[in-house]
There are 2 protein chains.
Amino acid sequence: MTSSSELENAALQAAKFERVREAHKTEVAEDYVELIDDLINVNGEARVVELAERMGVSHATVNKIVGRLQREGLVISRPYRSIFLTDEGREMAVEARRRHEIVVKFLKAAGVSPETAEIDAEGIEHHVSDETLDCLSALTGKIEI
Amino acid sequence: MTSSSELENAALQAAKFERVREAHKTEVAEDYVELIDDLINVNGEARVVELAERMGVSHATVNKIVGRLQREGLVISRPYRSIFLTDEGREMAVEARRRHEIVVKFLKAAGVSPETAEIDAEGIEHHVSDETLDCLSALTGKIEI
DNA sequence: CTGAATTTGTAGCCGTGGCTACATTTCTTG
DNA sequence: CAAGAAATGTAGCCACGGCTACAAATTCAG
(Lines give C-alpha, C1' and ligand atoms only; values in the text may rest on other atoms or scores of the structure.)
Protein backbone atom coordinates (compact mmCIF):
# COMPACT_ATOMS: atom_id res chain seq x y z
CA MET A 1 0.00 0.00 0.00
CA THR A 2 2.76 2.38 0.85
CA SER A 3 4.81 1.14 -2.05
CA SER A 4 6.07 3.82 -4.37
CA SER A 5 3.82 2.80 -7.23
CA GLU A 6 0.43 3.36 -5.67
CA LEU A 7 -1.25 5.18 -2.82
CA GLU A 8 -3.81 3.71 -0.54
CA ASN A 9 -7.21 5.18 0.08
CA ALA A 10 -6.90 8.64 1.59
CA ALA A 11 -9.59 8.13 4.24
CA LEU A 12 -7.95 4.93 5.46
CA GLN A 13 -4.60 6.62 5.68
CA ALA A 14 -6.10 9.58 7.54
CA ALA A 15 -7.71 7.16 10.00
CA LYS A 16 -4.30 5.72 10.87
CA PHE A 17 -2.81 9.10 11.63
CA GLU A 18 -5.92 9.99 13.58
CA ARG A 19 -5.37 6.84 15.63
CA VAL A 20 -1.78 7.79 16.37
CA ARG A 21 -2.82 11.29 17.42
CA GLU A 22 -5.42 9.75 19.69
CA ALA A 23 -2.81 7.49 21.27
CA HIS A 24 -0.62 10.49 21.96
CA LYS A 25 -3.27 12.02 24.12
CA THR A 26 -3.37 9.04 26.46
CA GLU A 27 0.36 8.38 26.47
CA VAL A 28 1.23 10.92 29.09
CA ALA A 29 -1.63 9.83 31.29
CA GLU A 30 -0.55 6.20 31.06
CA ASP A 31 3.06 6.97 31.88
CA TYR A 32 2.11 9.04 34.90
CA VAL A 33 -0.44 6.66 36.42
CA GLU A 34 1.96 3.77 35.94
CA LEU A 35 4.74 5.67 37.67
CA ILE A 36 2.43 6.84 40.44
CA ASP A 37 1.34 3.28 41.03
CA ASP A 38 4.97 2.13 41.16
CA LEU A 39 5.88 4.83 43.65
CA ILE A 40 2.93 4.02 45.88
CA ASN A 41 3.80 0.33 45.84
CA VAL A 42 7.45 0.92 46.67
CA ASN A 43 7.54 4.12 48.71
CA GLY A 44 4.05 4.00 50.12
CA GLU A 45 3.25 7.30 48.43
CA ALA A 46 3.72 9.31 45.28
CA ARG A 47 5.00 12.86 45.59
CA VAL A 48 5.47 15.60 43.05
CA VAL A 49 9.24 15.90 43.44
CA GLU A 50 9.87 12.27 42.77
CA LEU A 51 7.49 12.21 39.82
CA ALA A 52 9.38 15.19 38.41
CA GLU A 53 12.74 13.55 39.00
CA ARG A 54 11.70 10.26 37.41
CA MET A 55 9.90 11.81 34.46
CA GLY A 56 12.82 14.15 33.91
CA VAL A 57 10.70 17.31 33.93
CA SER A 58 10.20 20.25 36.27
CA HIS A 59 7.85 20.01 39.20
CA ALA A 60 5.71 22.72 37.63
CA THR A 61 5.10 20.47 34.64
CA VAL A 62 4.18 17.60 36.94
CA ASN A 63 1.74 19.81 38.77
CA LYS A 64 0.02 20.83 35.60
CA ILE A 65 -0.29 17.27 34.36
CA VAL A 66 -1.50 15.95 37.71
CA GLY A 67 -4.17 18.64 37.54
CA ARG A 68 -5.31 17.32 34.21
CA LEU A 69 -5.28 13.73 35.44
CA GLN A 70 -7.47 14.79 38.34
CA ARG A 71 -9.91 16.57 36.03
CA GLU A 72 -10.05 13.33 34.05
CA GLY A 73 -10.78 11.25 37.13
CA LEU A 74 -7.57 9.20 37.12
CA VAL A 75 -6.02 10.68 40.22
CA ILE A 76 -6.89 12.32 43.51
CA SER A 77 -4.65 15.02 44.86
CA ARG A 78 -5.07 17.61 47.58
CA PRO A 79 -2.75 20.61 48.01
CA TYR A 80 0.59 19.73 49.59
CA ARG A 81 -0.46 16.08 50.00
CA SER A 82 0.68 12.99 48.15
CA ILE A 83 -1.09 11.72 45.06
CA PHE A 84 -3.49 8.79 44.91
CA LEU A 85 -4.98 6.82 42.05
CA THR A 86 -8.70 6.40 41.54
CA ASP A 87 -10.00 2.96 40.65
CA GLU A 88 -9.96 4.03 37.04
CA GLY A 89 -6.39 5.27 37.38
CA ARG A 90 -5.31 2.01 38.97
CA GLU A 91 -6.90 0.04 36.16
CA MET A 92 -5.05 2.13 33.64
CA ALA A 93 -1.79 1.61 35.51
CA VAL A 94 -2.23 -2.15 35.60
CA GLU A 95 -3.07 -2.28 31.93
CA ALA A 96 -0.14 -0.03 31.04
CA ARG A 97 2.28 -2.16 33.01
CA ARG A 98 0.93 -5.30 31.40
CA ARG A 99 1.55 -3.87 27.94
CA HIS A 100 4.94 -2.59 28.93
CA GLU A 101 6.07 -5.95 30.21
CA ILE A 102 4.81 -7.87 27.20
CA VAL A 103 6.67 -5.54 24.87
CA VAL A 104 9.87 -5.67 26.92
CA LYS A 105 9.79 -9.45 27.17
CA PHE A 106 9.24 -9.77 23.48
CA LEU A 107 12.06 -7.40 22.59
CA LYS A 108 14.50 -9.21 24.84
CA ALA A 109 13.43 -12.54 23.40
CA ALA A 110 14.00 -11.08 19.95
CA GLY A 111 17.60 -10.46 20.90
CA VAL A 112 17.47 -6.78 21.80
CA SER A 113 19.73 -5.79 24.68
CA PRO A 114 17.93 -5.23 28.00
CA GLU A 115 18.75 -1.51 28.05
CA THR A 116 17.53 -0.86 24.52
CA ALA A 117 14.51 -3.07 25.12
CA GLU A 118 13.49 -0.88 28.03
CA ILE A 119 14.03 2.32 26.10
CA ASP A 120 12.20 1.25 22.96
CA ALA A 121 9.36 -0.34 24.91
CA GLU A 122 8.64 2.99 26.53
CA GLY A 123 7.85 4.48 23.15
CA ILE A 124 6.25 1.43 21.56
CA GLU A 125 3.88 0.26 24.27
CA HIS A 126 1.33 2.99 23.70
CA HIS A 127 0.90 2.15 20.04
CA VAL A 128 0.38 -1.58 20.18
CA SER A 129 -3.14 -2.92 19.65
CA ASP A 130 -4.52 -5.87 21.58
CA GLU A 131 -4.23 -7.98 18.47
CA THR A 132 -0.56 -7.19 18.07
CA LEU A 133 0.04 -7.65 21.77
CA ASP A 134 -1.36 -11.16 21.55
CA CYS A 135 0.88 -11.95 18.60
CA LEU A 136 3.93 -10.64 20.43
CA SER A 137 3.13 -12.78 23.47
CA ALA A 138 2.72 -15.85 21.33
CA LEU A 139 5.91 -15.13 19.46
CA THR A 140 7.85 -14.61 22.68
CA GLY A 141 6.78 -18.07 23.78
CA LYS A 142 7.86 -19.63 20.51
CA ILE A 143 11.23 -17.92 20.49
CA GLU A 144 12.00 -19.00 24.00
CA ILE A 145 11.24 -22.65 23.26
CA MET B 1 13.23 -3.19 36.94
CA THR B 2 9.68 -2.08 36.71
CA SER B 3 8.57 -4.88 38.96
CA SER B 4 6.47 -3.83 41.89
CA SER B 5 9.16 -4.55 44.44
CA GLU B 6 11.86 -2.18 43.35
CA LEU B 7 12.40 0.96 41.32
CA GLU B 8 15.20 1.54 38.89
CA ASN B 9 17.55 4.47 39.00
CA ALA B 10 15.66 7.72 38.61
CA ALA B 11 18.08 9.28 36.14
CA LEU B 12 17.92 6.26 33.86
CA GLN B 13 14.17 6.29 33.93
CA ALA B 14 14.10 10.01 33.18
CA ALA B 15 16.42 9.45 30.22
CA LYS B 16 13.92 7.01 28.70
CA PHE B 17 11.07 9.44 28.91
CA GLU B 18 13.32 12.15 27.56
CA ARG B 19 14.05 9.91 24.61
CA VAL B 20 10.37 9.37 23.93
CA ARG B 21 9.70 13.11 24.09
CA GLU B 22 12.54 13.64 21.66
CA ALA B 23 11.08 11.08 19.26
CA HIS B 24 7.76 12.87 19.38
CA LYS B 25 9.31 16.00 18.00
CA THR B 26 10.50 14.25 14.85
CA GLU B 27 7.43 12.08 14.37
CA VAL B 28 5.35 14.67 12.62
CA ALA B 29 8.23 15.68 10.38
CA GLU B 30 8.85 12.05 9.39
CA ASP B 31 5.21 11.39 8.60
CA TYR B 32 4.95 14.49 6.45
CA VAL B 33 8.13 14.06 4.46
CA GLU B 34 7.29 10.43 3.84
CA LEU B 35 3.85 11.36 2.60
CA ILE B 36 5.20 14.22 0.50
CA ASP B 37 7.68 11.86 -1.09
CA ASP B 38 4.91 9.35 -1.81
CA LEU B 39 2.74 12.01 -3.40
CA ILE B 40 5.55 13.29 -5.56
CA ASN B 41 6.39 9.79 -6.73
CA VAL B 42 2.79 8.93 -7.57
CA ASN B 43 1.16 12.23 -8.53
CA GLY B 44 4.22 14.11 -9.68
CA GLU B 45 3.65 16.71 -7.00
CA ALA B 46 2.58 17.22 -3.38
CA ARG B 47 -0.14 19.76 -2.69
CA VAL B 48 -1.55 21.08 0.54
CA VAL B 49 -5.09 19.81 -0.04
CA GLU B 50 -4.00 16.24 -0.54
CA LEU B 51 -1.64 16.34 2.41
CA ALA B 52 -4.54 17.60 4.51
CA GLU B 53 -6.88 14.92 3.24
CA ARG B 54 -4.39 12.11 3.81
CA MET B 55 -3.22 13.31 7.20
CA GLY B 56 -6.83 13.84 8.26
CA VAL B 57 -6.30 17.46 9.33
CA SER B 58 -7.30 20.87 8.05
CA HIS B 59 -5.32 22.61 5.34
CA ALA B 60 -4.46 25.34 7.84
CA THR B 61 -2.71 22.79 10.01
CA VAL B 62 -0.80 21.46 7.02
CA ASN B 63 0.28 24.97 6.15
CA LYS B 64 1.61 25.60 9.59
CA ILE B 65 3.54 22.33 9.66
CA VAL B 66 4.95 22.78 6.18
CA GLY B 67 6.19 26.16 7.37
CA ARG B 68 8.03 24.51 10.21
CA LEU B 69 9.49 21.84 7.91
CA GLN B 70 10.75 24.60 5.66
CA ARG B 71 12.34 26.43 8.59
CA GLU B 72 14.03 23.16 9.45
CA GLY B 73 15.34 22.70 5.94
CA LEU B 74 13.38 19.56 5.08
CA VAL B 75 11.08 21.07 2.51
CA ILE B 76 10.90 23.86 -0.05
CA SER B 77 7.60 25.58 -0.65
CA ARG B 78 6.66 28.79 -2.39
CA PRO B 79 3.26 30.43 -2.02
CA TYR B 80 0.51 28.73 -4.01
CA ARG B 81 2.96 26.24 -5.43
CA SER B 82 3.48 22.57 -4.76
CA ILE B 83 5.86 21.30 -2.11
CA PHE B 84 9.29 19.82 -2.71
CA LEU B 85 11.71 17.93 -0.50
CA THR B 86 15.27 19.04 0.11
CA ASP B 87 17.99 16.42 -0.02
CA GLU B 88 17.76 16.18 3.72
CA GLY B 89 13.99 15.77 3.54
CA ARG B 90 14.33 13.07 0.94
CA GLU B 91 16.82 11.21 3.08
CA MET B 92 14.46 11.37 6.00
CA ALA B 93 11.62 10.11 3.83
CA VAL B 94 13.64 7.16 2.60
CA GLU B 95 14.73 6.26 6.09
CA ALA B 96 11.19 6.61 7.45
CA ARG B 97 9.79 4.38 4.74
CA ARG B 98 12.49 1.80 5.38
CA ARG B 99 11.60 1.67 9.06
CA HIS B 100 7.92 1.59 8.28
CA GLU B 101 8.26 -1.35 5.94
CA ILE B 102 10.43 -3.35 8.28
CA VAL B 103 7.92 -2.92 11.07
CA VAL B 104 4.94 -3.77 8.87
CA LYS B 105 6.63 -6.86 7.45
CA PHE B 106 7.55 -8.04 10.89
CA LEU B 107 4.06 -7.52 12.27
CA LYS B 108 2.48 -9.42 9.40
CA ALA B 109 4.99 -12.22 9.81
CA ALA B 110 4.10 -12.29 13.49
CA GLY B 111 0.52 -13.04 12.54
CA VAL B 112 -1.01 -9.61 12.83
CA SER B 113 -3.69 -8.85 10.24
CA PRO B 114 -2.54 -6.56 7.43
CA GLU B 115 -4.92 -3.78 8.45
CA THR B 116 -3.82 -3.78 12.09
CA ALA B 117 -0.20 -4.16 11.06
CA GLU B 118 -0.44 -0.95 9.04
CA ILE B 119 -2.18 0.92 11.83
CA ASP B 120 0.18 -0.18 14.62
CA ALA B 121 3.26 0.33 12.47
CA GLU B 122 2.32 3.96 12.03
CA GLY B 123 2.64 4.47 15.77
CA ILE B 124 5.53 2.10 16.41
CA GLU B 125 7.97 3.00 13.65
CA HIS B 126 9.11 6.24 15.23
CA HIS B 127 10.14 4.57 18.48
CA VAL B 128 12.22 1.69 17.22
CA SER B 129 15.98 1.94 17.56
CA ASP B 130 18.35 0.63 14.92
CA GLU B 131 19.24 -2.24 17.18
CA THR B 132 15.64 -3.29 17.55
CA LEU B 133 15.02 -2.78 13.85
CA ASP B 134 17.80 -5.23 13.06
CA CYS B 135 16.36 -7.78 15.45
CA LEU B 136 12.92 -7.42 13.91
CA SER B 137 14.34 -7.94 10.42
CA ALA B 138 16.20 -11.03 11.51
CA LEU B 139 13.16 -12.38 13.27
CA THR B 140 10.95 -11.79 10.26
CA GLY B 141 13.31 -13.91 8.22
CA LYS B 142 13.27 -16.71 10.75
CA ILE B 143 9.50 -16.73 11.07
CA GLU B 144 9.01 -16.87 7.31
CA ILE B 145 11.30 -19.87 6.97
C1' DC C 1 9.17 26.36 68.96
C1' DT C 2 11.33 28.83 65.62
C1' DG C 3 13.99 29.29 61.43
C1' DA C 4 15.79 27.16 57.46
C1' DA C 5 15.25 23.71 54.02
C1' DT C 6 12.21 21.32 51.28
C1' DT C 7 8.13 20.68 48.89
C1' DT C 8 4.28 22.28 46.55
C1' DG C 9 1.62 25.70 44.19
C1' DT C 10 0.96 29.46 40.80
C1' DA C 11 1.79 32.81 37.22
C1' DG C 12 3.27 33.59 32.88
C1' DC C 13 5.97 32.55 28.95
C1' DC C 14 6.97 29.43 24.71
C1' DG C 15 6.34 26.11 20.62
C1' DT C 16 3.47 22.57 18.66
C1' DG C 17 -0.39 21.01 16.36
C1' DG C 18 -5.26 21.15 16.29
C1' DC C 19 -9.43 24.17 14.69
C1' DT C 20 -12.66 27.93 12.21
C1' DA C 21 -13.26 31.95 9.62
C1' DC C 22 -11.97 34.91 6.31
C1' DA C 23 -8.75 36.70 2.49
C1' DT C 24 -6.27 35.95 -1.54
C1' DT C 25 -4.54 33.56 -5.50
C1' DT C 26 -4.82 30.25 -8.99
C1' DC C 27 -7.33 27.33 -11.97
C1' DT C 28 -11.24 26.02 -14.74
C1' DT C 29 -14.96 26.53 -17.33
C1' DG C 30 -18.51 28.67 -19.89
C1' DC D 1 -11.71 36.70 -20.84
C1' DA D 2 -14.53 36.88 -16.94
C1' DA D 3 -16.79 34.51 -13.20
C1' DG D 4 -17.09 31.02 -10.17
C1' DA D 5 -14.70 27.15 -8.06
C1' DA D 6 -10.84 25.41 -5.91
C1' DA D 7 -6.58 25.86 -3.60
C1' DT D 8 -3.71 28.33 -0.60
C1' DG D 9 -2.59 31.68 2.84
C1' DT D 10 -3.39 34.11 7.26
C1' DA D 11 -5.33 35.44 11.68
C1' DG D 12 -6.65 34.12 15.88
C1' DC D 13 -8.43 30.83 19.01
C1' DC D 14 -7.55 26.45 22.01
C1' DA D 15 -5.18 22.62 24.94
C1' DC D 16 -1.03 20.44 25.87
C1' DG D 17 3.37 19.93 27.87
C1' DG D 18 7.64 22.15 28.40
C1' DC D 19 10.15 25.99 31.18
C1' DT D 20 11.61 29.81 34.91
C1' DA D 21 10.61 32.65 38.64
C1' DC D 22 8.40 33.60 42.56
C1' DA D 23 4.98 32.57 46.53
C1' DA D 24 3.25 29.72 50.05
C1' DA D 25 2.98 25.66 52.86
C1' DT D 26 5.04 21.87 55.16
C1' DT D 27 8.71 19.47 57.30
C1' DC D 28 12.84 19.08 59.73
C1' DA D 29 16.65 20.64 62.77
C1' DG D 30 18.58 22.86 66.26
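Naming convention: chains lettered A, B, ... in sequence-line order (proteins, then strands); numbering from 1 in each chain.
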Identify which one of A/Leu136, A/Val94, A/Leu133 satisfies the side chain to side chain contact (heavy atoms under 4.5 Å, CB included) criterion when paired with A/Arg99. A/Leu133
Tell me every residue that passes side-chain hydrogen bond (donor to acceptor under 3.5 Å, both in side chains) with A/Arg98, counting only those two or more places apart in sequence or in another chain. A/Glu95
Could you list by number each residue of residues 43-52 of chain B showing a heavy-atom separation from DNA chain C of less than 4.0 Å, or answer none if no residue does? none
Sequence neighbours excluded, the answer for side-chain hydrogen bond (donor to acceptor under 3.5 Å, both in side chains) partners of B/His127 is B/Glu27
Could you give the side-chain donor-acceptor pairs of residues 60-70 of chain A under 3.5 Å, partners two or more places apart or in another chain?
{"from": "A/Thr61", "atom 1": "OG1", "to": "A/Ser58", "atom 2": "OG", "distance (Å)": "3.2"}
{"from": "A/Arg68", "atom 1": "NH1", "to": "A/Glu72", "atom 2": "OE1", "distance (Å)": "3.2"}
{"from": "A/Arg68", "atom 1": "NH1", "to": "A/Glu72", "atom 2": "OE2", "distance (Å)": "2.8"}
{"from": "A/Gln70", "atom 1": "OE1", "to": "A/Ser77", "atom 2": "OG", "distance (Å)": "3.4"}
{"from": "A/Gln70", "atom 1": "NE2", "to": "A/Ser77", "atom 2": "O", "distance (Å)": "3.2"}

Please tell me which of the listed nucleotides, C/dT16, C/dG18, C/dT8, lies nearest to the side chain of B/Arg71? C/dT16
What is the distance from CD1 of B/Ile65 to P of D/dT8, rounded to the nearest Å? 15 Å
Across all chains, not counting sequence neighbours, the salt bridge (Lys or Arg N to Asp or Glu O under 4.0 Å) partners of B/Arg90 are B/Asp87
State which residues pass salt bridge (Lys or Arg N to Asp or Glu O under 4.0 Å) with A/Glu18; sequence neighbours excluded, sorted by chain then number. A/Arg21
Measure from CE on B/Met55 to P on C/dT16 and round the result to the nearest Å. 16 Å
To the nearest angstrom, how far is B/Asp31 atom CG from C/dG17 atom C1'? 13 Å
List for me each residue that meets salt bridge (Lys or Arg N to Asp or Glu O under 4.0 Å) alongside A/Glu131, sequence neighbours excluded, and say none if there are none. none
Can you pull out the residues from residues 22-29 of chain B that lie within a 4.0 Å heavy-atom distance of DNA chain C? B/Val28
Is any side-chain nitrogen or oxygen of A/Asn63 closer than 4.0 Å to OP1 or OP2 of C/dG9? yes
With the side chain counted from C-beta on, respond yes when B/Val57 and B/Leu51 share a heavy-atom pair under 4.5 Å apart, and no when they do not. no
Who passes salt bridge (Lys or Arg N to Asp or Glu O under 4.0 Å) against B/Asp31, sequence neighbours left out? none
Contact pattern, 5' to 3', of nucleotides 19-25 of chain D - B, S or - by protein heavy atom under 4.0 Å: BB---BS
Would you please name every residue forming a side-chain contact (heavy atoms from CB on, under 4.5 Å) with B/Ala14, sequence neighbours left out? none
ring-ring contact (aromatic ring centres under 6.0 Å, His included) against A/Tyr32, all qualifying residues, sequence neighbours excluded: none
Could you tell me how far apart A/Gln70 (CD) and C/dG9 (C1') are, to the nearest whole angstrom? 13 Å
